Visitor: 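Here it is, the structure, as structure tokens.
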There are 2 protein chains.
Amino acid sequence: MAQNGGTPTLDQVAKLAGVSKATASRAINGRSKVSAKAQTAVDNAVRALGYTPNAAARSLVTRRTGSVALIVPESDERIFSDPFFARMLHLVARALREHDLQLVLLIAQPGDEEERLLQYLRGRYVDGAIVASHHRADRLAEHLSDLGLPCVFIGRPWIGAERVSYVDSDNAAAAGHAVRVLLEAGRRRIATIAGPRDMRAGHDRLDGWRRELVAAGLDADLVAYGDFTEESGAKACAELLEAAGDPGGVDGIFAASDLMAQGAMRELAARGLRVPEDVAIVGYDDLGVAERTDPPLTTLHNPIGQMVTEALRLLTEAIDAGGTGAPRRVIFVPELVRRASV
Amino acid sequence: MAQNGGTPTLDQVAKLAGVSKATASRAINGRSKVSAKAQTAVDNAVRALGYTPNAAARSLVTRRTGSVALIVPESDERIFSDPFFARMLHLVARALREHDLQLVLLIAQPGDEEERLLQYLRGRYVDGAIVASHHRADRLAEHLSDLGLPCVFIGRPWIGAERVSYVDSDNAAAAGHAVRVLLEAGRRRIATIAGPRDMRAGHDRLDGWRRELVAAGLDADLVAYGDFTEESGAKACAELLEAAGDPGGVDGIFAASDLMAQGAMRELAARGLRVPEDVAIVGYDDLGVAERTDPPLTTLHNPIGQMVTEALRLLTEAIDAGGTGAPRRVIFVPELVRRASV
DNA sequence: CTGAAAGCGCTTACAG
DNA sequence: CTGAAAGCGCTTACAG
């Protein structure tokens, strides 16, 4: 179809339909009134020619691209197999589809590639951006705010949070909740397997654990760090057990991700420790693996679906408002899901 | 910087530099000769104004967007946490970065969303496309070929393969190799845990397993299907063991992914069967999990890095050639990695 | 090496 | 409701 002299243009459609380019354009975009006759003629011409508007020409005048960037300032390949990230990517992709927007995935190693990322964004290839998985050192919030590009962060940025919109969940409160559940189960030596220190979720969950223990008049000394993976959870659990010394030195664990909780359970099993009898354990995320552990994991439900939906609402509203308007934020409270590990 | 009256344009740069738009454009793109004096003046003006070329305007005339689509015709969310896919996505992202191309991720459920995908592609938002994880029913190869958009498939398409470029690995030969290794280890009741029947890799590996057994004069009757996940591998292994009846009814397994092999090993362990003494096992992919199983897994190395590199080479060459040129293809042969499961 | 001009393919006031 | 015209911001023959 598009064979007769390259890709068909609006001009050819208009000629074939016997109307002006203006009318053809209006018929195609369907935002202004067009006579039924003209509409039919244009529709037929479009079909006959296999016409699709040229995106560049259109966005040159509309100043809209119909694309949104998902920015992942992450150098580590593992990000892609992380179930939390995988789920988020999937949800973002689906939500964008519903808004008729395209997803441009921008992966930028922190550091030297940041300038290149900003350069791309300045070129107005996209109408807005969602930023996920940012780290402590990122200055993305400031830079995006400088650009004036509509954006919303998933997770409160470390730096420049006051200048941008974001959605987040109350990681600290949720961690506190986890600790209370362990306390109510009679545990007194409650350790934590924390996430990366340079990630918001890692930092805040650790903080919530610590505050709750202190509030209960207990020591907050049993900490080991992981990177949210199962492997690291097993390793951290081993460290904890060794640091605590005698059996019973740890009787409860709050793990900052279900995957790390799973690793910890594997390590406990290997040492002949029973869950929850010897060590009770609470995870975080509730992304499917929590149902499949043995025993099934009591955990905090990370409301990622709601966060993504809300992030997209904030973003599309900011885009429609032309990038003006004050930063907005929405915070969710993760709910406890009781299973059998406490 | 861009505050003084919106985003700066080439015109403003030219004025400030005291040259024409043409010269400014040439200085910025650096493909034609420009006097040192003009170059400096333009460079300074660009810096002073914080100028970045408008992508839409540029691509309207150059007919290049600097973007490449990664098409994933997959409705299933799990695709994102599949380590093979995660690795491919990471490698594609990195390779595109090296070519100074942007990654547009297009996820299209098969069926009703295909028309929408093609519509997008027709709009020339991207210069070319890489297609991954396609299924039997996809007619993408034909449609992309009709569009005349440069594209390369990762994995030979089921339909229309003769019309497009692709990279692939010889899944059948590799599966045959796996079977020979098991035969050489004296195994005679060799089962397979196959991948999805509607995916190239699943189909071809099953085929290779079958041919090799038949060539050896053995029955190819012990087949169970999984979906490449660990869960499904465990389940398939259980089916196999039950179908085979008596202990020793299965003494070797070729699993079409390491993850399924891992699940199978878990199932074997749960039944008190030793690897490799009772059941020898060969996996597929060699993506990291193969090193961490107990015992470490003998497997076929899926040359995904090479496939991605080659796919991008074919794609950029096709783009540079203006989308003309015959389809090309490159096939890799996976190598066996001997560890301890056979 | 440089500039004036045309043109890429659209959309959108403006006037009718 | 419709059309002629201007204009979005670039690049690139063409002539000098």
Side-chain angles (χ1 to χ4, degrees), chain A residues 2 4-43 45-46 49-67 119-120 122-125 127 322, chain B residues 2 4-43 45-46 49-67 119-120 122-125 127 322:
Chain A
N4 37 13
T7 314
T9 67
L10 183 64
D11 208 34
Q12 296 172 35
V13 171
K15 290 228 166 70
L16 184 57
V19 299
S20 70
K21 280 196 300 178
T23 298
S25 172
R26 287 190 272 252
I28 287 164
N29 291 307
R31 255 183 299 282
S32 23
K33 304 250 165 287
V34 165
S35 68
K37 189 176 157 215
Q39 185 72 54
T40 315
V42 171
D43 287 348
V46 164
L49 259 23
Y51 171 76
T52 304
N54 178 299
R58 176 178 267 177
S59 82
L60 181 55
V61 15
T62 59
R63 268 117 209 308
R64 283 293 180 81
T65 66
S67 299
Q119 196 65 15
Y120 180 83
R122 260 185 229 114
R124 301 282 151 171
Y125 285 86
D127 298 332
Chain B
N4 38 13
T7 314
T9 68
L10 184 64
D11 208 33
Q12 296 172 37
V13 171
K15 289 228 166 70
L16 184 57
V19 300
S20 69
K21 282 195 299 178
T23 298
S25 172
R26 288 190 271 253
I28 287 164
N29 291 307
R31 255 184 298 283
S32 23
K33 303 251 167 284
V34 165
S35 68
K37 189 175 156 216
Q39 184 73 52
T40 314
V42 171
D43 287 348
V46 164
L49 260 22
Y51 172 75
T52 303
N54 177 300
R58 177 179 267 177
S59 84
L60 181 55
V61 16
T62 59
R63 268 121 209 306
R64 284 293 180 83
T65 66
S67 299
Q119 197 66 14
Y120 181 82
R122 259 183 230 116
R124 299 283 152 173
Y125 286 86
D127 298 333

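Model, not experiment: these values are computed from the prediction.
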Visitor: How far does CD of B:Gln39 sit from CZ of B:Arg26, to the nearest 0.5 angstrom?
Guide: 12.0 Å
Visitor: Check the distance between C:dT12's P and A:Lys33's NZ and give it to me in whole angstrom.
Guide: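 So the two atoms are 16 Å apart, to the nearest Å.
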Visitor: If you check every side-chain atom of A:Val19, which of C:dC10, D:dG3, D:dC8 has the closest atom?
Guide: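 For A:Val19, the side-chain atoms sit closest to D:dG3.
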Visitor: How many whole angstroms separate atom CZ of B:Arg63 from atom C1' of D:dC10?
Guide: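 It is 13 Å, rounded to the nearest whole Å.
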Visitor: Write down the distance separating the P atoms in D:dA5 and D:dC1, rounded off to the nearest Å.
Guide: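 Comparing P positions in D:dA5 and D:dC1 gives a spacing of 23 Å.
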Visitor: Measuring from the side chain of B:Thr62 (C-beta onward, heavy atoms only), which nucleotide among D:dT12, C:dC10, D:dG3 has the closest atom?
Guide: D:dT12
Visitor: Phosphate oxygens OP1/OP2 of D:dC10: is one of them under 4.0 Å from a side-chain N or O of B:Ser25?
Guide: no
Visitor: Can you tell me the distance, in whole Å, between the OH atom of A:Tyr125 and the P atom of D:dG9?
Guide: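 So the OH-P distance, A:Tyr125 to D:dG9, works out to 16 Å.
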Visitor: Between B:Arg58 (CZ) and D:dT12 (C1'), how many Å, whole number?
Guide: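 Atom-to-atom, B:Arg58 to D:dT12, this comes out as 13 Å.
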Visitor: Between atom CG in A:Asn54 and atom P in D:dC10, what is the gap in whole Å?
Guide: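 Atom-to-atom, A:Asn54 to D:dC10, this comes out as 17 Å.
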Visitor: So what's D:dC14 paired with, Watson-Crick or G-U wobble, going by both distances under 3.5 Å?
Guide: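 D:dC14 is paired with C:dG3.
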Visitor: Rounded to whole Å, please give me the gap between CG in A:Asn29 and P in C:dA13.
Guide: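 Atom-to-atom, A:Asn29 to C:dA13, this comes out as 13 Å.
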Visitor: Let me spell it out: for each of A:Ser20 and B:Ala22, pick the nucleotide of DNA chain D with the closest heavy atom. Which residue's pick is nearer the 5' end?
Guide: A:Ser20
Visitor: Round to the nearest Å and state the distance from B:Leu10 atom CG to D:dT12 atom C1'.
Guide: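 These atoms are roughly 13 Å apart.
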Visitor: Check A:Leu49 against A:Leu16 and note the closest heavy-atom contact, atom names and distance.
Guide: CD1-CD2, 3.8 Å
Visitor: Once you apply a heavy-atom cut-off of 4.0 Å, does A:Arg26 come out as touching a base, just sugar-phosphate, or nothing?
Guide: base
Visitor: To the nearest Å, give me how far apart NZ (A:Lys21) and P (C:dG7) are.
Guide: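 Going from A:Lys21 (NZ) to C:dG7 (P), I get 12 Å.
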Visitor: Among A:Asp11, A:Thr9, A:Val13, exactly one meets side chain to side chain contact (heavy atoms under 4.5 Å, CB included) together with A:Lys21. Which residue is that?
Guide: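 With A:Lys21 as partner, A:Asp11, A:Thr9, A:Val13 yield a single side chain to side chain contact (heavy atoms under 4.5 Å, CB included), made by A:Asp11.
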Visitor: Could you walk me through whether A:Asn29 and A:Arg58 pass side-chain hydrogen bond (donor to acceptor under 3.5 Å, both in side chains), step by step?
Guide: CA-CA 11 Å; A:Asn29 291 307; A:Arg58 176 178 267 177; 2.7 Å; yes
Visitor: With heavy atoms under 4.0 Å as the rule, sort B:Ala38 into base, sugar-phosphate or nothing.
Guide: sugar-phosphate
Visitor: How far does OH of A:Tyr51 sit from CG of A:Asp43, to the nearest 0.5 angstrom?
Guide: 13.0 Å
Visitor: What's the gap between D:dC10 and D:dC14 when it is taken at their P atoms, as a whole Å value?
Guide: 24 Å
Visitor: Does D:dC1 have its OP1 or OP2 closer than 4.0 Å to a side-chain nitrogen or oxygen of A:Ser35?
Guide: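 Indeed not, no polar side-chain atom of A:Ser35 lies that close.
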